[in-house]
Structures are given as structure tokens and as C-alpha cells.
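Remember, it's a predicted structure, so these values are computed and weren't measured experimentally. Below, chains carry the letters A, B, ... as their sequence lines are ordered, and counting in each starts from 1.
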2 protein chains.
Amino acid sequence: MRPLKHFLTLADSLHFGRASEACHVSPSTLSRSIRQLEENLGAKLFERDNRHVALTRQGETFQAYAREALEQWEQLRLSLQSEALHLTGEISVYCSVTASYSFLYALLSEFRIHHPGIELKLHTGDPAEAMARVLAGEEDMAITPRPRRTPEALAFKSLTRAPLVFIAPQQAAAWMPSTPESPSTEQWCEVPMILSEAGLSREFADTWFKALGVTPRIYAQVAGHEAIVSMVGLGFGIGVVPKIVLDNSPLQERVRVLPVKPELPHYDVGLCVLERRLKSPLIRALWDEVIER
Amino acid sequence: MRPLKHFLTLADSLHFGRASEACHVSPSTLSRSIRQLEENLGAKLFERDNRHVALTRQGETFQAYAREALEQWEQLRLSLQSEALHLTGEISVYCSVTASYSFLYALLSEFRIHHPGIELKLHTGDPAEAMARVLAGEEDMAITPRPRRTPEALAFKSLTRAPLVFIAPQQAAAWMPSTPESPSTEQWCEVPMILSEAGLSREFADTWFKALGVTPRIYAQVAGHEAIVSMVGLGFGIGVVPKIVLDNSPLQERVRVLPVKPELPHYDVGLCVLERRLKSPLIRALWDEVIER
DNA sequence: CCCTGCCATTGCGTAAAACGCGATATTTGC
DNA sequence: GCAAATATCGCGTTTTACGCAATGGCAGGG
């Protein structure tokens with residue numbers, strides 16, 4: 001950039017002495033600076049002898065270029081610096097539909113007010129996939145149940161405790177357990193179950209059945225808890241879902257919670273992110289906005 | 001420019017080792033190059049740790065800029081270099097109308113074919129002013145009579161010898177000298193003369209009259225020889241002009257050459273230019289195209 | 001769970017380049 | 001012809017850039 005400034009100053013004054021003074025360098029430095037420019041360009045910019053300095057035709061062309069180039073550079077500089085202060089960029093967040101409806105929505109609304117320059121990309125899907133997507137770098141962050149043991153590369157922050165519940169259709173059915181408060185093998189072995197394909201809710205359900213000594217009759221395996229509510233609402237069987245999914249479901253009236261004993265365990269739902277990605281100011285800003293538990 | 005190339009290479013490969021190899025520098029040099037860019041811009045361009053490299057949002061902005069800037073620079077370089085080969089620019093030439101009609105026209109036509117990139121600005125006017133305009137730097141070159149002594153700063157190249165002639169109107173007039181071949185004081189002291197305001201032709205005419213022992217009766221002093229032909233053609237008096245002006249005049253039929261004895265001296269007409277301006281390839285090209293005498 | 005390979009960065013000694021001072025050559029104005 | 005002006009060059013010094021080797025930290029595998 002500096003040779004360009006030197007050139008422009010000289011092109012204005014057409015006098016090495018005065019131009020060098022204006023640039024705060026010695027005349028010899030300015031002379032060399034111009035000569036170097038000319039060598040790099042392969043063209044004479046000034047027609048000069050010991051007494052006269054004049055722009056060549058090519059010098060005029062270069063003058064227009066130099067002015068524009070310097071302005072563009074300065075403009076970019078300012079633009080990037082203001083961006084750096086404003087903290088702009090893009091963060092992708094993966095979560096379930098339910099999470100996007102409930103507490104995450106409130107969180108992100110607030111975040112957007114504090115950092116209007118940061119764009120949020122919200123991807124919804126099965127929470128069981130959440131952690132894998134973050135580990136693979138496909139998403140910056142995810143809402144996910146806390147796993148039994150957290151991978152080392154991952155940072156996790158609890159947001160809420162989510163009770164798991166059994167849900168059944170409102171209408172009667174032959175396979176409906178009559179006394180869910182005290183379950184028996186006979187009552188549950190023929191019940192058509194609608195469970196997650198994978199994830200913690202599935203593991204907990206499996207554990208529950210194993211404790212009862214029953215191999216459940218799996219009617220359907222579903223990716224995503226929301227669809228479980230739909231299928232149960234249609235009367236296909238009994239499902240296991242986090243209570244929060246039920247609370248946010250438009251089909252809430254079509255299903256009821258079964259007061260099964262023993263109750264399924266709660267699990268932690270929280271935000272997770274790659275530890276190393278916390279060095280990014282963007283990610284950090286969102287991470288710090290979230291209050292644990 | 002080089003830091004920009006480094007940046008673009010790294011932005012493509014996102015790997016310091018491979019990028020530095022592609023740039024033929026050591027990884028440490030590339031690292032410093034990028035860091036220096038970031039310091040100058042006041043913005044982080046890459047989000048990186050010991051294991052991962054990724055463009056920031058600002059890095060993407062800068063990438064677009066860098067690509068454009070490099071392309072503009074290269075384009076300019078090529079453009080200036082081809083200009084340098086083609087020898088483009090502008091030359092201003094000052095001369096009389098007559099010169100522009102006659103040999104100068106032929107000369108410049110040829111020159112234009114050899115150097116189509118050079119634009120010629122032709123200024124016409126009184127030859128008496130020619131030398132002053134060149135010395136003042138108002139014109140690059142001029143066609144002018146060779147003065148008695150050439151200023152040191154000036155280069156001069158003879159083009160042709162120009163005889164000076166007396167011209168008279170075709171129609172009769174009371175004051176017309178009856179025997180121009182042997183002039184007498186009586187014949188000439190009452191002749192209305194139409195002469196140049198200044199310049200060599202005027203000096204020669206004055207000298208001629210002085211030798212005859214006559215103070216001429218000046219009817220009109222004119223700037224530019226062409227107008228002298230016009231006035232003589234209208235019958236106002238007798239003029240002194242270079243023969244070449246007469247040869248190119250549309251009023252040639254209205255006047256006639258007086259066979260006066262002794263004849264007026266010839267003078268050299270040639271091209272003049274500031275010596276120091278001959279260092280310019282443009283000026284030099286035109287200068288070299290002209291064959292002396 | 002440690003261990004090895006990978007990789008961006010940093011310290012340091014050296015090489016290159018930039019810088020300023022004084023000298024030089026050349027030109028202009030008096 | 002002489003003196004002031006001025007772009008450029010040579011040279012010694014300072015600043016900067018470069019590569020090598022070492023460091024530290026992060027992933028993947030036995």
C-alpha cells in the first residue's frame with residue numbers, strides 16, 4: 001500500500017522533495033519506491049530528469065487505479081473492523097422440533113436482540129443424532145440429552161430436567177393395561193409399543209422392560225419423539241416420550257399420561273458443542289448466554 | 001501482493017503445510033504472512049488451532065476482495081506493459097496552416113501508420129510564435145523557421161528550404177512597381193506593404209528595404225502568412241510570403257510572384273523540440289521518423 | 001489409557017531489503 | 001558563467017523477512 005501512497009503524492013506534487021516530505025521519508029526512498037513500482041509494473045510512470053517530473057500516459061492510468069485500490073482497501077478495512085466489533089457470522093444449531101418450540105425459542109430470541117449480526121441456522125431432527133452431528137462438525141451446537149458419559153472433546157451445559165412418561169390413546173383398547181400403577185408381566189407383554197429408534201429414551205424404556213422381565217412387543221420404531229405422539233394419538237399403541245414433548249404437542253388432547261410405576265428416570269437435556277469451537281467468539285457468545293440448569 | 005496470494009492459497013487448501021508448499025515458502029513464513037495481514041486489517045481471517053483451519057465470515061469477505069484485487073493488478077500490469085510496447089501517448093505539434101497542409105500532413109500520416117497508439121494534437125498558428133511555445137512547454141514540437149541562433153535547450157532538424165517571394169495582385173494598381181527586376185527608391189517608397197507582424201520573414205523584408213534605402217509604407221501587419229495572401233489577393237498591396245504558402249493557397253490564381261531583384265533570402269524550415277524531451281520514447285519516435293533536409 | 005503422528009506456532013540466528021546521509025551530475029535562472 | 005535546485009547513486013546502518021529447529025496441543029490407534 002505504501003508505494004501506492006507515495007506514487008499518488010508524487011503524482012499530485014510532481015516534485016520529489018515536497019512529496020517525500022509529505023510522506024515522511026527521504027527523497028532517495030521515494031525515488032526508489034517509484035522505481036520499484038515501475039519495475040514491478042514493467043512501465044515508466046513518470047517522465048523525469050534532474051529538473052522536471054511529469055506523469056506519462058501510463059502513469060495517468062496507474063493513478064486512477066491506485067486511487068481506486070487504496071479506497072477499496074480502506075473501505076474493506078473499516079468494514080472488517082466494524083464486523084469484528086459487531087460480532088457477525090453464522091451459527092448452526094441442531095435440536096428437536098419440541099426444543100425449537102419451547103425453551104430454545106425464547107433463548108434464541110433474546111440472543112438475537114443482543115447480537116443482531118449473528119445469523120442462526122436451526123436444524124431440527126431426531127435428538128438421538130444430535131451428538132454425532134456436532135462431533136462430525138456438521139453443526140456448531142445441538143440440544144441433546146446428556147449421555148451416560150460425555151465424549152472428551154465435547155462441552156455440555158444442562159438446560160432442564162426432562163421426565164420420561166408413558167402415553168396412551170384416550171380411547172379404550174383391548175391391550176390397555178388395567179393397573180399401570182402396579183405393572184405385571186401379563187399386562188405388558190402384549191402391549192404394542194411405539195418407541196424411538198435410538199437414543200436415551202429408548203435405552204431407558206428397554207431397561208424398564210428388562211427390569212419387569214418382559215420383552216416388549218415393538219409395534220413401531222420412530223425417529224423423533226413428536227411422531228410417537230402422533231401414532232399414539234391415532235390409537236396404534238403405547239409410547240414413551242419426554243413430558244415436554246407432550247406439553248408442546250397439538251395432539252395433547254388425544255393422549256393421556258399413564259401413571260406407570262416405577263416411573264421412568266428423568267434425563268438432563270442440555271446444549272453441547274465441540275470444546276475447541278468455544279474459542280470462536282461467535283460460539284462463545286451464544287454459549288455464555290445460556291445459564292446452566 | 002504476495003500476502004494476498006498466500007492468503008488465497010491457504011483459503012483454498014485450509015492447510016498451512018500444503019499451502020506453504022504451493023507458495024514455495026516455509027510454513028512459518030506463511031503463518032507470519034497471514035498473521036500480519038490480520039493485524040493490518042484488524043480482523044481474524046482464519047479460525048484455527050493446532051489441528052484445524054477454517055475461514056471466518058470476515059475471511060470469506062476478504063477472500064472475495066483478494067481475488068478481485070489480484071486480478072485487477074494483473075490486468076493493469078498487462079495493460080501497461082502492452083502500452084509500453086505499443087508506444088502510446090500524445091504528442092502536440094504546433095505549425096502554420098500551410099505546413100499542416102503540405103509536407104507535415106504527409107509526414108504525420110506515415111507516422112500514424114507506424115504508431116497507431118500515439119495521438120497527435122495539431123495546433124496551427126503564426127510560425128513566429130512557434131519557438132516560444134515549445135520553450136514554454138506548451139507544445140511538444142513545432143514547425144518553425146530556423147532562427148539565426150538556436151537556443152541551447154532546443155534541438156532543430158531542417159525539413160526544407162523555403163524561398164521568400166514578393167506577391168502582388170493580378171489586377172493593375174497605381175502603386176505597382178513597373179520594373180521589379182531593377183528596383184528603385186521611387187518605385188517602392190509608396191507601395192503599400194502587407195508584412196508579418198514578426199518572425200524571420202519580417203526581418204528579411206526589413207533588411208531588404210534597408211538595403212534599398214527605403215522606409216516601406218506598411219499597409220497592414222498580419223499574424224500568419226496565409227492571411228497575407230488573402231489581403232494581397234484582394235488588392236490591398238504587395239506582400240512577402242514563403243513560396244510554399246503560395247503553392248498551397250486556394251487564392252493562388254488571384255496573385256502573382258513579382259520577379260524582384262535582388263531576391264529575398266531562403267530560410268530553413270524545420271522541426272524543433274526541447275532537447276530534454278527527446279528522452280521520451282514518444283517524442284523520440286516522431287523525431288527519428290523525420291529525415292533531415 | 002497412553003502413545004505416536006500430525007501440525008500450527010514461536011525463538012533464534014542469518015540473509016535480504018529498506019532507509020537516510022552525503023555526494024554527484026545535470027539543469028535553470030540570473 | 002555561476003549559483004541554486006534537484007533527482008539519483010553509493011555506502012554504512014537499521015529494520016525486516018526468512019528458514020530451521022523446537023514447542024505444545026490435538027486426533028486416532030493399539
[X] [atom1] to [N] [atom2]: how many Å, rounded?
X      : N      : atom1 : atom2 : result
B:R35  : D:dA17 : CZ    : C1'   : 12 Å
A:L154 : D:dA27 : CG    : C1'   : 15 Å
B:H15  : C:dA8  : NE2   : C1'   : 10 Å
A:E152 : D:dG29 : CD    : P     : 15 Å
B:Q36  : C:dT9  : CD    : P     : 14 Å
B:I34  : C:dA8  : CD1   : C1'   : 12 Å
B:E21  : C:dA8  : CD    : P     : 12 Å
A:L30  : C:dC21 : CG    : C1'   : 16 Å

*Which atom names give the shortest non-hydrogen contact between A:R112 and A:E119, and what distance separates them?*
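The pair with the smallest heavy-atom distance is NH1-CA, 4.3 Å.
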
*Verify the neighbour count for atom CD of A:E292: are there more than 12 heavy atoms of other residues, nucleotides or ligands below 6.0 Å?*
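Enclosed.
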
_Does atom CD (A:E83) have a neighbourhood of more than 12 heavy atoms from anything else shown, all under 6.0 Å?_
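Yes.
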
If you check the [X] side chain, which of [options] turns out closest?
X      : options                : value
A:K279 : D:dC26, C:dT26, D:dA17 : D:dC26
A:R276 : D:dC26, D:dT8, C:dA18  : D:dC26
B:F16  : D:dC9, C:dA8, D:dA7    : C:dA8
B:H52  : D:dG19, D:dC26, D:dT8  : D:dC26

*asked:* With a 3.5 Å cut-off and heavy atoms only, can you find an N or O donor on one side and an acceptor on the other between the side chain of A:S28 and the base of C:dC21?
replied: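 Pair found.
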
*Please confirm whether any donor atom in the side chain of B:R51 sits under 3.5 Å from an acceptor in the base of C:dC6, or the reverse.*
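Yes, a donor-acceptor pair under 3.5 Å.
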
*Taking the nucleotide of DNA chain C with the closest heavy atom to each, which residue, A:H6 or B:L14, is nearer the 5' end?*
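The answer here is B:L14.
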
*Using heavy atoms to find the nearest nucleotide of DNA chain C for A:T29 and A:N50 separately, return the residue whose nucleotide is more 5′.*
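Nearest-nucleotide comparison on DNA chain C picks A:T29.
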
*For B:S33 and B:T29, indicate whether the former's side chain and the latter's backbone hold a donor-acceptor pair under 3.5 Å.*
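No.
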
*asked:* If we check side chain to side chain contact (heavy atoms under 4.5 Å, CB included) with A:M141, which of these qualifies: A:V273, A:V290, A:L274?
replied: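 Looking at A:V273, A:V290, A:L274, the match for A:M141 under the side chain to side chain contact (heavy atoms under 4.5 Å, CB included) is A:V273.
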
*Hey, does A:R32 reach any base, or is it just sugar-phosphate, or nothing, if we go heavy atoms under 4.0 Å?*
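Result for A:R32 = base.
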
*Give one of base, sugar-phosphate or nothing for B:E275, where a contact means two heavy atoms less than 4.0 Å apart.*
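Result for B:E275 = nothing.
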
